[in-house]
There are 2 protein chains.
Amino acid sequence: MDEAVRDVELQVAMLLRLADRNRRSNVRLDRTLERSAYLALLRLAEVGPLAINEIAEHLRLDASTVTRQVLAMESAGYVSRGRDDADARRSVIAMTPAGRAALDGTREARASVYAELLADWDDAERRVLADALARLNDSLDRGIGR
Amino acid sequence: MDEAVRDVELQVAMLLRLADRNRRSNVRLDRTLERSAYLALLRLAEVGPLAINEIAEHLRLDASTVTRQVLAMESAGYVSRGRDDADARRSVIAMTPAGRAALDGTREARASVYAELLADWDDAERRVLADALARLNDSLDRGIGR
DNA sequence: CTAGTTCTCTGTATGATGCAGGTAACTCGT
DNA sequence: ACGAGTTACCTGCATCATACAGAGAACTAG
């Protein structure tokens, strides 16, 4: 029994609960993008236009879920949808300028919430946390494929 | 703009997504307690019988949500419910032996999943992650009250 | 050309959650 | 000890994110 592993498991469970609550109850995040839309737009900003499938794979979501999210983002004007010339089955989802603005605003709001939460952490501690989380995500991402 | 803060924010968002996916898709966790039931029982195991309200406060959930979860756990035989003698409005939720067994089983299953995920981490790294997460939860818990 | 596969979308179901509103029980000031 | 306010819980909604199953259109390989 590795005590640290047990602790990680427990703390992750609690983090999921608290982070969800934080998201819901923080007024500053009211008018901002939902988590999955946020992550999807972030991805589009990083790597350019993508198909539904590619977004789904990155976020580990079912493609049907992404379809709906993209529909919502499209009607909000955050993304445009085209068809791939080479393969007419594929949607090509691209971020619009309005999407960029929404992404930036969301990023700003979220960052300010976290800046406040981590106000009494020193810089090295924040770095350690960020790096540990990044590595954990990496392990999770790998582990999900099984 | 503190880069580490932005990273933490982003990594937490991604962690919520991946951890949820991990939970859903891992066969080993199929027959185990849901996250909130798990955390509630854990709390009962730690501090003994509690009122609905107290559980809700600890988990930062609405009392109505906890009511339902407790009803479900009661019909599963994991908790018993009584009334407080001194205050007949209060429920007194106590873990049963079956609840203890379910908690232990869930803990075991979850720990084994994490042990696998963190297989290529060394012990110091796991400890760092666990501690950073614990502190983050602490900050979150404080921050939610505002 | 056919059979199978891939990509997206739609229909449906589930589960966790919050909020609003109700009822019973308690508390406090007069 | 009565009435006003408060607290604790429960119930009835509504919502949201999600998955899975199935359908149709478009591709691919033999």
Side-chain angles (χ1 to χ4, degrees), chain A residues 13-14 16-27 29-40 49-76 79-94 144, chain B residues 13-14 16-27 29-40 49-76 79 81-93 144:
Chain A
M14 200 61 189
L16 296 194
R17 180 83 280 286
L18 293 179
D20 185 63
R21 177 57 173 189
N22 180 59
R23 173 70 177 83
R24 284 176 198 266
S25 68
N26 203 309
V27 196
L29 301 179
D30 268 0
R31 293 284 170 181
T32 63
L33 295 166
E34 296 294 327
R35 187 173 70 234
S36 286
Y38 171 60
L39 291 171
L50 291 172
I52 299 271
N53 247 355
E54 292 164 340
I55 298 172
E57 195 173 334
H58 176 63
L59 298 182
R60 303 289 183 169
L61 284 171
D62 192 88
S64 69
T65 301
V66 175
T67 293
R68 283 177 243 268
Q69 284 172 349
V70 165
L71 284 173
M73 285 196 282
E74 187 184 25
S75 67
V79 298
S80 65
R81 265 196 314 171
R83 285 284 159 183
D84 189 334
D85 290 336
D87 184 342
R89 290 169 306 180
R90 297 172 79 87
S91 277
V92 179
I93 317 298
I144 284 169
Chain B
M14 199 61 190
L16 296 194
R17 180 83 278 289
L18 293 179
D20 185 62
R21 176 58 173 190
N22 180 58
R23 173 71 178 80
R24 283 176 198 266
S25 68
N26 204 309
V27 196
L29 302 179
D30 268 1
R31 292 284 170 183
T32 63
L33 295 166
E34 296 293 326
R35 175 160 33 92
S36 287
Y38 171 58
L39 290 171
L50 292 171
I52 299 271
N53 249 354
E54 293 164 338
I55 298 172
E57 195 171 334
H58 175 64
L59 298 182
R60 304 290 185 169
L61 283 170
D62 192 88
S64 68
T65 300
V66 175
T67 294
R68 284 177 244 270
Q69 285 173 350
V70 165
L71 284 173
M73 285 195 285
E74 188 185 25
S75 67
V79 299
R81 264 195 316 168
R83 286 283 159 183
D84 188 336
D85 289 337
D87 183 343
R89 291 170 304 178
R90 300 173 75 88
S91 277
V92 179
I93 317 299
I144 284 170

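Just so it is clear: chains get the letters A, B, ... in the order the sequence lines come, proteins before strands, and each one is counted from 1. Side chains are part of it too, since the values below use all heavy atoms of this structure and drop only hydrogens, waters and symmetry mates. Being a predicted model, the structure only gives us computed values, none of them experimental.
When the C1' atom of dC16(D) is taken as reference, atom CG of L61(A) falls 13 Å away, rounded to whole Å. Between the CG atom of D30(B) and the C1' atom of dA19(D) there is a distance of 13 Å, rounded to whole Å. Nucleotide dA19(D) holds its P atom 15 Å from the CG atom of N26(B), rounded to whole Å. Atom C1' of nucleotide dG18(C) and atom CG of L29(A) are separated by 17 Å, given to the nearest angstrom. dA17(D) atom P lies 13 Å from atom CG of L59(A), rounded to whole Å. The separation between I93(A) atom CD1 and dC9(C) atom P is 7 Å, rounded to whole Å. The CG-P distance, from D84(B) to dT27(C), rounds to 11 Å in whole Å. The distance between atom CG of L18(A) and atom C1' of dT17(C), rounded to the nearest whole Å, is 15 Å.
Using a 4.5 Å cut-off on side-chain heavy atoms (C-beta onward), L61(B) and S36(B) make contact.
Side chain of R81(A) to main chain of E74(A): no donor-acceptor pair is present (N/O by atom type, distance under 3.5 Å, no hydrogens or angles). In terms of modelled atom types and a separation under 3.5 Å, the side chain of R23(A) and the main chain of L29(A) share a donor-acceptor contact. Listed for the R17(A) side chain is a donor-acceptor partner under 3.5 Å among the backbone atoms of L59(B).
You'll find that the side chain of D62(A) is closest to dC20(D), out of dC19(C), dC20(D), dT6(D). Each of dC10(D), dT18(D), dC26(C) was ranked by its minimum atom distance to the side chain of S64(B); first place goes to dC10(D). Side-chain proximity of R89(A) to dT6(C), dT6(D), dT18(D): nearest is dT6(C). Proximity note for T67(A) (side chain, C-beta onward) versus dT10(C), dT17(C), dA8(D): the nearest is dT10(C). Nearest to the side chain of S36(A), among dT18(D), dG18(C), dC9(D), sits dT18(D). When each of dT18(D), dT11(D), dC9(D) is scored by its nearest atom to the side-chain atoms of Q69(A), the top-ranked nucleotide is dT18(D).
Checking R68(A) against D85(A), the closest nucleotide of DNA chain D that is more toward the 5' end is the one next to R68(A). Each of L71(A) and D20(A) lies near DNA chain C, and the nucleotide nearest L71(A) is the one positioned closer to the 5' end.
Looking at heavy-atom distances under 4.0 Å, R21(B) makes contact with sugar-phosphate atoms alone, never a base. Residue D87(A) is classed as a sugar-phosphate contact, given heavy-atom separations below 4.0 Å to backbone atoms only. Nucleic acid contact for R17(B): sugar-phosphate only, since backbone atoms but no base atoms lie under 4.0 Å from a heavy atom of the residue. Among the heavy atoms of the strands, none lies under 4.0 Å from A63(B). If you check every strand for non-hydrogen atoms under 4.0 Å, R24(A) touches sugar and phosphate atoms only.
Listed by residue number, the members of residues 49-58 of chain B with any heavy atom below 4.0 angstrom from DNA chain C form an empty set.
Residue R23(A) places no side-chain N or O under 4.0 Å from the OP1 or OP2 atom of dC16(D). Regarding contacts with the backbone of dA19(D), a side-chain N or O of T65(A) is found under 4.0 angstrom from either OP1 or OP2.
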Can you check side-chain contact (heavy atoms from CB on, under 4.5 Å) on D62(A) and V66(A), steps first, answer last?
CA-CA 7 Å; D62(A) 192 88; V66(A) 175; over 6 Å; no
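Atom CD of Q69(A) and atom CZ of R35(A) lie 10.0 Å apart (nearest 0.5 Å). Within the model, atoms CD1 of I93(B) and CG of N53(B) stand 10.5 Å from one another, a figure rounded to the nearest 0.5 Å.
Among residues at least two apart or in separate chains, salt bridge (Lys or Arg N to Asp or Glu O under 4.0 Å) pairs with a member in residues 50-59 of chain A are E54(A)-R90(A).
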